[in-house]
Amino acid sequence: GSSHLSSRTLVWQACRRSAAMAEGEPKKRTFRKYSYRGIDLDKLLDMSNQDLMELFRARQRRKFSRGIKRKPITVLKKLRKAKRETAYGEKPEAVKTHLRNMVIVPEMIGSVVGVYNGKQYINVEIKPEMI
């Protein structure tokens with residue numbers, strides 16, 4: 001019963017693969033262009049904090065409206081500096097921080113942050129999905 005069906009599908013998949021090879025088309029990986037709530041990444045990077053605030057969810061809006069304190073600002077400055085000093089195509093140096101509850105803004109994408117967990121710093125690369 002079921003074993004016969006699975007072997008048939010395996011044969012079919014193998015045939016499809018060989019047909020694709022015969023055509024000589026290399027399998028291309030298309031990267032999905034990331035967008036946050038329907039807005040492309042490059043547009044997000046150009047936005048002001050006020051415009052970003054309107055996109056965020058309620059908790060993040062509240063945090064922004066209550067004012068960005070000194071500590072997150074210094075972390076952002078260090079991240080900018082680390083990004084400036086790296087060569088193109090390389091990961092920037094990790095910036096260590098104890099701030100685990102920081103709101104991730106589009107500007108931070110691509111940076112590496114060492115987040116303290118009470119014992120050691122865990123390096124986290126910030127990706128667009130984390131906004």
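Count residues from 1 along the sequence.
- When all heavy atoms are compared, the tightest approach of E93 to A82 is O-CB, 3.8 Å.
- Between Y116 and Y121, the ring planes lie tilted relative to each other; the angle falls in the 30° to 60° range.
- Counted within 6.0 Å of NZ on K78, heavy atoms from surrounding residues, nucleotides or ligands total 12 or fewer; the atom is thus considered open.
- When the shell of 6.0 Å around CD of Q50 is examined, it contains 12 or fewer heavy atoms from other residues, nucleotides or ligands.
- For the pair I126 and I104, the minimum side-chain heavy-atom distance is below 4.5 Å.
- Using a 4.5 Å heavy-atom cutoff, the side chains of L44 and L52 are in contact.
- You'll find the side chain of M108 reaches within 4.5 Å of the side chain of M102, heavy atoms only.
- Closest non-hydrogen pair, T86 versus K91, comes out as CG2-O, 3.8 Å.
- Using a 4.5 Å heavy-atom threshold, the side chains of I73 and K77 count as touching.
- Using a 4.5 Å heavy-atom threshold, the side chains of L76 and V105 count as touching.
- The shortest non-hydrogen separation linking P92 to S111 is CG-CA, 3.9 Å.
- Counting heavy atoms from C-beta on, the side chains of V113 and T97 come closer than 4.5 Å.
- Residues L99 and V112 fall into different hydrophobic clusters, defined by Ile, Leu, Val, Met, Phe, Trp and Tyr side chains chained together at heavy-atom separations under 4.5 Å.
- No more than 12 heavy-atom neighbours from other residues, nucleotides or ligands sit within 6.0 angstrom of CZ on R100.
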Practice item. Run the numbers on D51 and L55 for side-chain contact (heavy atoms from CB on, under 4.5 Å), then give the verdict. Key: CA-CA 7 Å; D51 297 332; L55 284 179; over 6 Å; no

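- For the pair E107 and R80, the salt-bridge criterion is met [side-chain N within less than 4.0 Å of a carboxylate O].
- No side-chain heavy atom of E125 sits less than 4.5 Å from a side-chain heavy atom of M130.
- Judged by distance alone, the side chain of D40 and the main-chain N or O of D42 form no donor-acceptor pair under 3.5 Å.
- Checked by atom type and distance alone, the side chain of Y34 pairs as donor or acceptor with a backbone atom of P128 at under 3.5 Å.
- Looking at every heavy atom in both residues, P106 comes nearest to L45 through O-CD2, 3.2 Å.
- Taken from CD1 in I131 to CZ in R37, the straight-line distance is 11.5 Å, to the nearest 0.5 Å.
- One distance of note links CE of M47 with NZ of K43; it measures 9.0 Å at 0.5 Å rounding.
- Considering all non-hydrogen atoms of both residues, E54 and R61 come closest at O-NH1, 4.3 Å.
- Annotation: side chain of N49 is in contact with side chain of I68 (closest heavy-atom distance under 4.5 Å).
- To the nearest 0.5 Å, atom CG of residue N101 and atom CZ of residue R59 are 10.5 Å apart.
- Residues G114 and N123 come closest through the heavy atom pair CA-OD1, 3.5 Å.
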